[in-house]
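Below is one structure, written out as structure tokens; the observations come after it.
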Protein chains: 2
Amino acid sequence: MSREESRGRPATDKVGTICRALRRAIIEQALEPGAKLPEDALGERFGVSRTIARHALGQLAAEGLVELRRNRIAVVATPSWQEARDAFDIRIELERLVVRQLAGRLTKAQIAQLHAHVDAEDSARNGPDPISIRLATEFHILLASMTESPILIRYVSEIAYRCCLTLSLFSRPHSSECAINEHRMLIDALAKGDAEEVISLMHHHLDSVANRALVAQSRPRGRDIMDILAPYAEPLRPHAKAAG
Amino acid sequence: MSREESRGRPATDKVGTICRALRRAIIEQALEPGAKLPEDALGERFGVSRTIARHALGQLAAEGLVELRRNRIAVVATPSWQEARDAFDIRIELERLVVRQLAGRLTKAQIAQLHAHVDAEDSARNGPDPISIRLATEFHILLASMTESPILIRYVSEIAYRCCLTLSLFSRPHSSECAINEHRMLIDALAKGDAEEVISLMHHHLDSVANRALVAQSRPRGRDIMDILAPYAEPLRPHAKAAG
DNA sequence: GGCTGAGAAACTGCATGCACTTTATATGCC
DNA sequence: GGCATATAAAGTGCATGCAGTTTCTCAGCC
């Protein structure tokens, strides 16, 4: 960890800056799913050229936060309910790896850091939903980052952001108390070092989050018109629109 | 799966074309880890401008196949032994999801397709190593693609490619017979539908592959000089080279 | 009034050009 | 000859410009 600072903040990494900004805006729902992201506007806003903005959009698309359609304006991704479910399934497995690796191996400083983060979640509890959702997400990313496994960190972050995005789509007014409590229990179990217990707690926790959010395919708020109307659609005439 | 063709082959997707080509070249070891990838050369080779080549490199870097250092020529990634180990750990979990979801749910056509692929692996057995490694990797990707879960497919593909890359770094002359046999057993178990058995088989299979490749930190062939020399380094003088 | 279609505006796809950084080469010095 | 330094070559970082596509706007028509 000496000369490999590669992922730090290399001098003036404009693309990275824009990515971070957009990522945050998206998970805080400042940019809702479906929101348009024209290269020009982005570039102008961040004081760079379209080239850079475009590159950043490409990265975000690779992470699944942005949808890129040829010759069309990029938009914030709107995951389907099924994709959300899949994302959570994957996330559960990945975070299982995280806690398995971390159980009983955290330093005092790290445990303090985790507690501090949950404290922050606590203070934000009565604030706007998006903020507490973001903080909850970042708790998991903080956890992952303690594994010091770059690959695991990247995947957990990515999938956590994606889940965060779907939360904003499907979740009702967010109820964060229980989640915060579960975070605290998680920390305690990690400190105690009982791997089995931690894994079970994490599984239960993520399952709860997913279920609180995705129960019964709750009305997909910003979803595509075609999907929303699907149950209402009477077969008029085989109109051969997208028959392929 | 009607109007969402987004990831198909949109008209003339130059970036995607270059990505696919490079990806394949990398996992077939036509481009070894550490190989330089100058934007100019790439652009010229594929008949596009640097802009496009650059964009493609960005995507591959996001996948972990390419390393991008500011102001320096991009190179094919050289994962460390630890990263390789981590990658396989993650892969095991992801592929567990795949087979869990697939057990007992494959159509006859799909099973035939899988058998056909293994047949191809068989024919390539006496050919060059890189080809059989690639085919073995693609078997797993084929499997993943049958889940029809875009997220899972993407993650499994990505991690499989990464593992494939590390195989080329650490593996001794590749011995593929057993892997092929394990693939066949996997298909049979999937067809039979015993989820537990399939999961166990897959776990064992991937573990074997990882161990065959990564035993005892076998000499990292193309690794960084500094790492190779680390065990030999005597503390000369605190030269304050990269003390930060 | 509502629908259709032509033209304008807005955007993306991509190549090219210039400034700056790194790397390779050659020169001078000891 | 061996090492440091200057200089050229190669390469990246980024902005800009043009062509082609999509989307918006509004006049014309039923």
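Every chain is numbered from 1 and lettered A, B, ... according to where its sequence line falls, protein lines coming before strand lines. Computed from a predicted model, the values in this text were never measured in an experiment.
Residue-to-nucleotide proximity on DNA chain C shows that, of A:Asp40 and A:Thr51, the 5′-proximal contact is made by A:Asp40. Nucleotides of DNA chain D nearest to A:Ile52 and B:Leu37 differ in position, and the one nearer the 5' end is that of B:Leu37. Between A:Ser49 and A:Ile73, it is A:Ser49 whose nearest contact on DNA chain D lies nearer the 5' terminus. Nearer the 5' end of DNA chain C, as judged by each residue's closest nucleotide, is the contact made by A:Glu39, out of A:Glu39 and B:Lys36.
One N or O donor and one acceptor, one from the side chain of A:Arg50 and one from the base of D:dG17, sit under 3.5 Å apart. A donor N or O paired with an acceptor N or O is not found under 3.5 Å between the base of D:dG11 and the side-chain atoms of B:Arg54.
Taking the side chain of B:Arg70 as heavy atoms from C-beta on, and the options C:dA15, C:dA24, D:dG13, the nearest nucleotide is D:dG13. Comparing D:dT23, D:dA15, C:dA15 against the side chain of A:Arg72 picks out D:dT23 as the nearest.
Atom P of nucleotide D:dG11 and atom CZ of B:Arg69 are separated by 14 Å, given to the nearest angstrom. Per the geometry, CD belonging to A:Glu44 stands 12 Å off P belonging to D:dT16, to the nearest Å. Rounded to whole Å, the distance from CG on B:Leu57 to P on D:dG13 is 10 Å. Between A:Ile18 atom CD1 and D:dG13 atom P there is a gap of 15 Å when expressed in whole angstrom units. The separation between B:Leu68 atom CG and D:dC14 atom C1' is 15 Å, rounded to whole Å.
To the nearest 0.5 Å, atom SG of residue B:Cys163 and atom CD1 of residue B:Ile27 are 12.0 Å apart. Atom CD1 of B:Ile52 and atom OG of B:Ser49 lie 5.0 Å apart (nearest 0.5 Å).
For the residue pair B:His140/B:Glu95, the side-chain donor-acceptor check at 3.5 Å is satisfied.
The side chain to side chain contact (heavy atoms under 4.5 Å, CB included) test with B:Tyr161 singles out one residue from B:Ile141, B:Leu60, B:Ile26, and that residue is B:Ile141.
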